[in-house]
Amino acid sequence: MEGLGQVELPILSCQNLCKSFPGNQKQEKLVLANINLAVPKGSFVTILGQSGGGKSTLLKLLGGFLPPSSGRVFFDGQPLTQITPKIGMVFQDHNLYPWMTVEQNIGFGFKIRGDKPGTYQHLVHEILDTVGLSQSRKLYPHQLSGGMRQRVAIARSVVVKPEVLLLDEPFSALDVQLRRRLQDFLLTLWKEMHITMVLVTHNVEEAILLGQKLIVVGNQPGQIIEEVVISEPQYGDRYHPDFLQLQRHLESLLDSNLIDPVQAKPLPISNGKAIS
Ligand SMILES: Nc1ncnc2c1ncn2[C@@H]1O[C@H](COP(=O)(O)OP(=O)(O)OP(=O)(O)O)[C@@H](O)[C@H]1O
Ligand SMILES: [Mg+2]
């Protein structure tokens, strides 16, 4: 893939980022430990990890939605201390407003900025067309399928033209066919709109297929256990032997770091497989 070689400064990065939450018996629970990562401008970075590993927490820190316990996030060379319209976020549970139509949900970012409808309606219509939802613009979220809701959530975030879009498992609830169509759709958006993308997923295939740079976050506490630069075109072909080899490697890497999310302790491992 193109891109990584041409970029100099990361648009988004973090240094020694740690995050703790209050835990049981007044003890702090360390969720993320010493995260250092850099997102090159214009790139597509995927963050892969298992459930409970701190992926959503990491994304919220990178977007300024949560303060770090220690360490720093940098956006465009400056410390990031609060949310900014230059960084959009598609949350894991999409957060559409149920009382607003598709069109109103998508235009909401402009409305809270105080823009007059006449100044942004054409942009809303344009993005509705791009995501294939022009016919559904007067519907409410409960009248949409899961895939349509995800497209509205993505449209709402990209319509205000952020420089970076953070996406938290946007396709995890969808069937394989729809997931693949929306992955292609997201790649098209990335190429056409030149928005830097950071996508969190627990799906190994998705992480390889979409990412130019793939960051693996291990569990308990969440920390970076591997970074892969995906530069060869064969990684766009999910049936290519190199793709399958990388997929196998990443799956066994995640397996060897397997944590029982209920017990919150490592499962015993035998021959690379967890014993349940
Ligand atoms: N606001 C919070 N207060 C306390 N603990 C939290 C908070 N947010 C997250 N946690 C804890 O941090 C850990 C990581 O949560 P997080 O949602 O970041 O994981 P995740 O990797 O996104 O999981 P999943 O794949 O299931 O979405 C969990 O143990 C969770 O209980
Ligand atoms: Mg999550």
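Order of listing sets the numbers, starting from 1, for every ligand and every atom in it. Start at 1 with the first residue, then count along the sequence.
Of the protein's non-hydrogen atoms, Phe21 CE1, 3.5 Å is the one closest to atom 9 (C) of ligand 1. Atom 17 (O) of ligand 1 has as its closest protein heavy atom Ser56 CB, 3.7 Å. The nearest protein atom to atom 16 (P) of ligand 1, hydrogens excluded, is given as Thr57 OG1, 3.6 Å; this is a heavy-atom distance. Scanning the protein for heavy atoms near atom 28 (C) of ligand 1, the closest one is Lys29 NZ, 3.8 Å. Nearest non-hydrogen protein atom to atom 25 (O) of ligand 1 is Lys55 NZ, 2.7 Å.
Taking backbone and side-chain atoms together, Thr57 has no N/O/S atom less than 2.8 Å away from the Mg ion (ligand 2). Taking 2.8 Å as the threshold, Ser51 does not count as a candidate ligand of the Mg ion (ligand 2), since none of its N, O or S atoms lies below it.
The distance criterion of under 3.5 Å between nitrogen or oxygen atoms is met by Gly54 with respect to ligand 1. Looking at ligand 1, you'll find an N or O of Gly52 within less than 3.5 Å of one of its N or O atoms. Looking at ligand 1, you won't find any N or O of His202 less than 3.5 Å from one of its N or O atoms.
Under a 4.0 Å criterion applied to the non-hydrogen atoms of Ser51, ligand 1 contributes the atoms 23 (O), 24 (P), 25 (O), 26 (O). Residue Gln92 approaches ligand 1 through these ligand atoms, each under 4.0 Å from one of its heavy atoms: 27 (O). In summary, the atoms of ligand 1 found under 4.0 Å from a heavy atom of Gln50, numbered by their order in the structure, are 21 (O). Taking a cut-off of under 4.0 Å to the non-hydrogen atoms of Glu169, the atoms of ligand 1 that pass are 25 (O).
Here Phe91 and Phe65 bring their ring centres to under 6.0 angstrom of each other.
In this structure, Gly53 counts as a contact residue of ligand 1, since one of its heavy atoms falls inside 4.0 Å of the ligand.
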From CA spacing to verdict: side-chain contact (heavy atoms from CB on, under 4.5 Å), Phe243, Asp237:
CA-CA 7 Å; Phe243 189 109; Asp237 172 5; 5.9 Å; no
Kindly indicate, with the supporting measurements, whether the criterion side-chain contact (heavy atoms from CB on, under 4.5 Å) is fulfilled by Leu37 and Leu58.
CA-CA 11 Å; Leu37 62 82; Leu58 175 57; 4.2 Å; yes
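The local environment of CD1 in Ile83 is sparse, with at most 12 non-hydrogen atoms from other residues, nucleotides or ligands closer than 6.0 Å. Counted within 6.0 Å of CZ on Arg72, heavy atoms from surrounding residues, nucleotides or ligands total 12 or fewer; the atom is thus considered open. Other residues, nucleotides and ligands contribute only 12 or fewer heavy atoms inside 6.0 Å of the CZ atom of Arg181.
The aromatic rings of Phe110 and Tyr120 sit parallel, their planes meeting at an angle under 30°, below the 60° perpendicular limit.
Checking side-chain atoms of Asn105 against main-chain N and O of Tyr97 turns up a donor-acceptor pair under 3.5 Å.
Contact of the Asn95 side chain with the Arg156 side chain is registered, since non-hydrogen atoms from C-beta on lie closer than 4.5 Å.
Listed by first and then second residue, the side-chain hydrogen bond (donor to acceptor under 3.5 Å, both in side chains) pairs that reach into residues 123-132 are Glu103-His125, sequence neighbours excluded.
Nearest to atom 12 (O) of ligand 1 by heavy atom, out of Leu30, Val31, Asp168, is Val31.
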